[in-house]
Number of protein chains: 2
Amino acid sequence: MSTVSLSDQAVHRPRRLVLAGMEGCTNCAACEVRGHGVCSALADKELERLSRAAVKVTVPAGHMFIEEGSDAHDFFNVTGGTVKLFKSLPDGRRQITGFVGVGHFLGLAVSDHYAFGAESVEQVQLCRFSRTKLETLMEEFPSIERRLLAEAANELVAAQDQMLLLGRKTAHERVASFLYGRLVEKYGEHIPPVADILLPMTRADIADFLGLTVETVSRTFSRLRREHLIGVGAGQDIHIPSVSRLEAIGSGDG
Amino acid sequence: MSTVSLSDQAVHRPRRLVLAGMEGCTNCAACEVRGHGVCSALADKELERLSRAAVKVTVPAGHMFIEEGSDAHDFFNVTGGTVKLFKSLPDGRRQITGFVGVGHFLGLAVSDHYAFGAESVEQVQLCRFSRTKLETLMEEFPSIERRLLAEAANELVAAQDQMLLLGRKTAHERVASFLYGRLVEKYGEHIPPVADILLPMTRADIADFLGLTVETVSRTFSRLRREHLIGVGAGQDIHIPSVSRLEAIGSGDG
DNA sequence: ATAATTTCTTGACCTATATCATTGTCCCGA
DNA sequence: TCGGGACAATGATATAGGTCAAGAAATTAT
């Protein structure tokens, strides 16, 4: 509980907030994620227009705000917190297809139904657009479309990496890959050689992301600890003494 | 040997054709895949321009034409045959991330290197564009961009399905899903209740796609045959007496 | 045709990971 | 401060699918 706690004061507000709890949108130009996500592609004039189409939403931890198969009315841009995306089988088996953080875009649907569900891992801020409005905006500002295409290409690359992980990596490699991925999410290109991460998600979420069981994830963390590849601090705080070593294991260079 | 054999006469042409064997582009307006893929988004005038940027390439079976990590100079549009896309680990473990057929687009790279390799499963026709030229064309014709975004969204949905498969389905379900997917590729929305498919890929390819071994794939085909869920004809020809039953198994409704 | 080669199938056995069960730990609320 | 419920760790055991091995079938080359 250290990193994201800046807004903790605000958290003490009652939790009754239900899905679709929303406040009228503030100002996109002053938005904290200006420079990330869809918005980074936009000039001031375009942002002005975007403002009017967007609604800021706060979702408390552990709330599903996109239900698999429901009507795809909206697009979202994550402006705070971490979201998990998932698909499920009828008997409850679940695959988390990604954890997405600040700046990421969410809701590209091919039909008029969402092909996946989305749930907040921790308290999350979203910027919501109606699909129809966004489509209108795209007509007007092709730069939005370009930005969306770039985002989609990125996600596609990530998805391919994840397929390699799920199809061909061992549990040891999967967990190492996962931790390395979290470092990339946190630091971008410039990952320090020694680093720390705070994992907001549970072991069960990690298991559902890596195609493993909770027990295997737990055992694998223990193994990595025994091997001094990670230090598990209090709570969810993970210390990584050698990022390069971790990365090597995650990419199959044992 | 029944379904795709229409073009079998043409196949007897010599096989010596090497990679990058190309003919000057013909006419996109008369192209057999006009109406599919990127091209379907284009008006005649746009197609005319596209023609000049495109080069038709024929690749014989089993040739790698995109090497993982190589410089991403080109985009491709598949105009004939089936291509496999894959990622590998240093020790040779491989994950096929998709089989793509006629009309599909290929080469969306996020950096200037391809994040995946591509190899022809059977003899393949490609329409090749230089990335820089395509970028210029996108500036001029936003409809191309729109079409690309739609394609990317589609692939993303497919990728998520595949993650669910790789992370959470049994071998039985995986093979059933795979066969159903082939039906979707062949028939689109309108799959007949009883159908046939011809699989151009080997068991090893199927295994690398499903995150299994060749032996497990083979055993699972045998099991499906025993269960009368498929009929394996001569060669690669698969008969599916109940598409709905197969689909149910593939989606986890045993 | 026939040999050589690749692909496919099947069997015997093994191992990585799943499953089941227990205990410990950490929150949060009263 | 205590108690309940989620979360996590770990041990014992089971199993789906992997590995190794051999032969059959299909494909390609001579």
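Computed from a prediction, not measured in an experiment: that's the story for all the values here. Just so we're on the same page: letters track the sequence lines, and every chain starts at 1.
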For this session: Verify the distance criterion only: is there a donor paired with an acceptor across the side chains of E68(B) and S88(B) at less than 3.5 Å?
Result: yes
Exercise. Is a donor-acceptor contact shorter than 3.5 angstrom present between the side chain of R223(A) and the base of dT17(C)?
Worked result: no
Exercise. Of L212(B), T216(B), V217(B), which meets side-chain contact (heavy atoms from CB on, under 4.5 Å) against R203(B)?
Worked result: V217(B)
Exercise. Is there a donor and acceptor pair, one atom on the side chain of R219(B) and one on the base of dT19(D), closer than 3.5 Å?
Worked result: yes
Exercise. Got a salt bridge between R168(B) and D208(A), using NZ or NE/NH1/NH2 to carboxylate O under 4.0 Å?
Worked result: yes
For this session: Note down the inter-axis angle between the two ends of the helix from dA1(C)-dT30(D) to dA30(C)-dT1(D), five pairs each, to the nearest 10°.
Result: 50°
For this session: May I ask you to evaluate whether T216(B) reaches the phosphate of dG18(D), defined as a side-chain N or O under 4.0 Å from OP1 or OP2?
Result: yes
Exercise. Looking at residues 159-178 of chain B, who's got a heavy atom less than 4.0 Å off DNA chain C?
Worked result: none
Exercise. Looking at dC8(C), does its base get a donor-acceptor pair with the side chain of E215(B) below 3.5 Å?
Worked result: no
For this session: Please answer whether the main-chain N or O of K87(A) pairs with a side-chain N or O of Q95(A) as donor and acceptor at a distance below 3.5 Å.
Result: no
Exercise. Using a cut-off of 4.0 Å on non-hydrogen atoms, how would the nucleic acid contact of T213(A) be classed: base, sugar-phosphate, or nothing?
Worked result: base
Problem set entry | Salt bridge flag under 4.0 Å for residues D205(A) and R94(A) | yes
For this session: Figure out the CD/P separation between E122(B) and dT27(D), and round it to whole Å.
Result: 14 Å
Exercise. The side chain of T202(B) lies closest to which of these nucleotides: dA8(D), dC8(C), dT10(D)?
Worked result: dC8(C)
Exercise. Quick check: does any side chain N or O of S120(B) sit under 3.5 Å from a backbone N or O of P60(B), one acting as donor and the other as acceptor?
Worked result: yes
Problem set entry | E67(A), CD: over 12 other non-hydrogen atoms inside 6.0 angstrom | no
For this session: With heavy atoms under 4.0 Å as the rule, sort G62(A) into base, sugar-phosphate or nothing.
Result: nothing
Exercise. What's the closest nucleotide to the S218(A) side chain, out of dT17(C), dT9(C), dA8(D)?
Worked result: dA8(D)
For this session: Specify the separation, in whole Å, of atom CG of D208(A) and atom C1' of dA18(C).
Result: 14 Å
